[in-house]
Number of protein chains: 2
Amino acid sequence: MTETANQSADGRSLHSRIQSDIADKITSGAWAPGHRIPFEHELTQQYGCSRMTVNKALTVLARAGLIERHRRAGSFVKSRQSEAAVLEIHDIRVEVEALGLEYRYVLASRRRHAADEAEAARLGIAAGEPVVKLACVHFAGERPFCHEDRLVSLDAVPDAGGEAFENTAPGPWLLTRVPWSAAEHRIMADAAGPVVAAALGLKPDAPVLVVERRTWSGEQPVTFVRLSYPAGAHALVARFAPAGDSQAAATTMISTR
Amino acid sequence: MTETANQSADGRSLHSRIQSDIADKITSGAWAPGHRIPFEHELTQQYGCSRMTVNKALTVLARAGLIERHRRAGSFVKSRQSEAAVLEIHDIRVEVEALGLEYRYVLASRRRHAADEAEAARLGIAAGEPVVKLACVHFAGERPFCHEDRLVSLDAVPDAGGEAFENTAPGPWLLTRVPWSAAEHRIMADAAGPVVAAALGLKPDAPVLVVERRTWSGEQPVTFVRLSYPAGAHALVARFAPAGDSQAAATTMISTR
DNA sequence: GCTGCAGTTATGTATATACATATTATTCGG
DNA sequence: CCGAATAATATGTATATACATAACTGCAGC
């Protein structure tokens, strides 16, 4: 044996090599959707390894959604009727600084009150519950980058009532204070309303890219944000290479041109 | 022993229970970012199981990005500076039919020619290479749902030259013919140009949600699509609950109101 | 023909074991 | 005191083994 017990010449582990071998067969089309991939005991022979090793590879592929496994029947290539694209959504300060621009944050308004019907619906709480409503603008250098409209539930985050948000933007403030367990993003286009248009220096009804995010901690709604970006200047980018390498996915940037 | 060798009373496997126990500690905030989670041999004792079992749970959590693992040092809760949102992008026919509407597809134009500079750049090929350029409109019931502009590389898909695309939309046609190994999505807002506005029945410069997708097969660019949806009527939705359950993620719909 | 039971098969889960590897502590020689 | 060799430690990978479970096959008996 010139090789060690764990690794072959190329330095990768055996199960990850089996995994990407199979992933390649699938993404190259050699094994079409519905094709039955070799049984574990067959792969065991092909690679000269134990069943646990091929099982690990196949389990990861199943988790990644590339294959489907059935007892007694075997493992099959899943049909890809839908593509999954992974968006990675960063903090706005990080986004701006990644562009080599100076980040500045300006609080436009801050009010504490009882949620009206519309606000309660957005946040997913009952009307009348106490909330903090914030509006602010994020700048990249001299130019407005993004307008933020936010509701924070005071039930979920009592501390938010006493915070002025003059130096710290509400996003990162919440992130360090409240752990979240679920989030929902809603991405859409819209015409800029008068407030947003003024804040971003756009003509009224100019197109804006809107990202709305609702965040929960357990079952409890925490916050609702609506981020408006001038169209043309910003795009969300999601790259996706199916499974195999797992982190082959992802990266989103919001980039200025 | 009233329990079987593999499963406890609740029917879930032990490693998945360990996994979600830890995931809960993290998402609830009990274990903050940077916190060192118990060593494998400690968890082994807590759960009265072998190291392989806790290793499996921790490996999955590491793949999911919830924890970081270092030899000799231990495993640590990762700081979540960025949120990953998973968009699931379906075929347009499926989207429309999911809304209970009748799907119809109309080819507006189809041309075969040599790619000019702009087209070559979009597709990622050399100028002068042969392409098919398509424009079509997808209808949901009577109303236009989405305008599609597409370039297909004839180097990658020679068959596309002889296809009329009168009955099958180019998206599904390509999907069954050409396996793809990577895709990049670009989501943005824009003002509708005259052609798109006319096709969608909008006023010129009305805001539209634009999804651009570039697809590769191996290293070779296959197709570039630009899908324009009327703003207000459509949104991309991505739900995300971090790891633990893995498929707790995702679903995107493009919904009409 | 149909029901029910036993056998077969592939995956699912878990264990005990072994050695590899990265990294930190410790010890020892100069 | 410093740097090098050495030990200790936690994770990483892999094996052989065992039993569980889902699902299908086929047969026996009515």
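Throughout, a chain's letter reflects where its sequence line sits, starting with A, and its residues are numbered from 1. Small disclaimer: the values here were computed from a predicted structure and weren't measured.
B:Arg71 places its CZ atom 11 Å from the P atom of D:dT11, with the value rounded to the nearest Å. Atom P of nucleotide D:dA10 and atom CZ of B:Arg51 are separated by 10 Å, given to the nearest angstrom. If you measure from atom CD of A:Glu68 to atom P of C:dT11, you get 14 Å, rounded to the nearest angstrom. In this structure, the CZ atom of B:Arg36 is 14 Å from the P atom of C:dT24, given to the nearest Å. Between the C1' atom of C:dG12 and the NZ atom of A:Lys56 lies a distance of 15 Å, rounded to the nearest Å.
A salt bridge is defined here as a Lys NZ or Arg NE, NH1 or NH2 lying under 4.0 Å from an Asp or Glu carboxylate O, and B:Arg214 with B:Glu184 meets this definition.
Nearest to the side-chain atoms of B:Ser13 among the listed nucleotides D:dT11, D:dA22, C:dT13 stands C:dT13. In the set C:dT13, C:dA22, C:dT15, C:dT15 carries the atom at the smallest distance from any side-chain atom of B:Cys49. The side chain of B:Leu14 lies closest to C:dA14, out of C:dA14, C:dA10, C:dT9.
When the side-chain nitrogen and oxygen atoms of B:Ser50 are compared with OP1 and OP2 of C:dA16, none of them lie within a distance under 4.0 Å. At D:dT11, one or more side-chain N or O atoms of B:Ser75 fall inside 4.0 Å of OP1 or OP2 (strictly under the cut-off).
Using a distance-only test at 3.5 Å, with no hydrogens or angles considered, no donor-acceptor pair links the side chain of B:Thr53 to the main chain of B:His15.
Heavy-atom distances to DNA chain C give each of A:Arg69 and B:Met52 a nearest nucleotide, and the one nearer the 5′ end belongs to A:Arg69.
Using a 4.0 Å heavy-atom criterion, one finds that A:Thr59 contacts no nucleic acid atom at all.
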